[in-house]
Amino acid sequence: IRLSLVGSEMCIRDSIISLAGFFILLGIAGSFLPVIPGPLTSWLGLFILGFAPSIDIENQFLILCFCIALFIFIFDNIIAVLGAKKFGGGKGSTIGSSIGIIVGILFLGPFGLIIGPFFGAFLGELYVNQSNKKGAIKAAFGALVGFLTGVFLKFMIALAFGYYFIKIIWEFKNQLF
């Protein structure tokens, strides 16, 4: 038996689904922006979707997705440091790459995603150790490799959460539309 929702319930359901979709998209964008934790934000979209009337999401699925998002969040913070340290960098290159991506995006748009962390790490490492330009370039390259690896992982997980969002909506389409 299919129960239909009345006006206010439909409005609530549609608002929840819209809010969940917003967080999914924000999480995908957050994969590239260091100020937004991409996979955790996308997971929040899945979590919110579970509150929509007529949609049932297994708790085990949400817990598993949260664990994956949390692992990627922690790993992403470690990998940039490991990348910079592997190539001889330190705290200056790590902080510099984070600042560089924000400045790069603001002034260079999408191109700033690549050039910003590199120059930020270079300048940050050079600020800490002004006499070692060759080491600063190596550290910048390591920070860039770490950053791009983290972005790739975050983007893949956020996209996977986006896929599950669409899949869940599709599974419950008869109850929703």
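Keep in mind that the numbers below use all heavy atoms, side chains included, and drop hydrogens, waters and symmetry copies.
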If you take all heavy atoms of [X] and [Y], which pair is closest and at what distance?
X: Phe73; Y: Leu40; answer: CG-CD1, 3.7 Å
X: Val128; Y: Gly92; answer: CG2-CA, 3.7 Å
X: Trp43; Y: Ala69; answer: CB-CB, 4.3 Å
X: Leu46; Y: Cys65; answer: CD1-SG, 4.2 Å
X: Phe51; Y: Ile16; answer: O-CD1, 3.6 Å
X: Ile168; Y: Phe61; answer: CD1-CE2, 4.3 Å

Phe172/Asp56 under side-chain contact (heavy atoms from CB on, under 4.5 Å): CA gap, chis, key distance, verdict
CA-CA 9 Å; Phe172 292 95; Asp56 183 34; 4.1 Å; yes
My understanding is that only residues two or more places apart in sequence, or in another chain, count here; which of them pass salt bridge (charged side-chain N to carboxylate O under 4.0 Å, His left out) with Lys167?
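By the salt bridge (charged side-chain N to carboxylate O under 4.0 Å, His left out) rule, Lys167 matches Glu171.
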Of all pairs that satisfy side chain to side chain donor-acceptor pair (under 3.5 Å), the ones with a partner from residues 140-162, not counting sequence neighbours
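Non-adjacent pairs meeting side chain to side chain donor-acceptor pair (under 3.5 Å): Asp76-Lys154.
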Is the Phe141 ring parallel, tilted or perpendicular to the Phe87 ring (thresholds 30°, 60°)?
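Perpendicular: the ring planes of Phe141 and Phe87 meet at over 60°.
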Under 4.5 Å between side-chain heavy atoms, counting indirect links through other Ile/Leu/Val/Met/Phe/Trp/Tyr residues: same cluster for Ile68 and Leu49 or not?
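Linked within one cluster.
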Any donor-acceptor pair under 3.5 Å linking the side chain of Glu125 with the backbone of Ser93?
yes
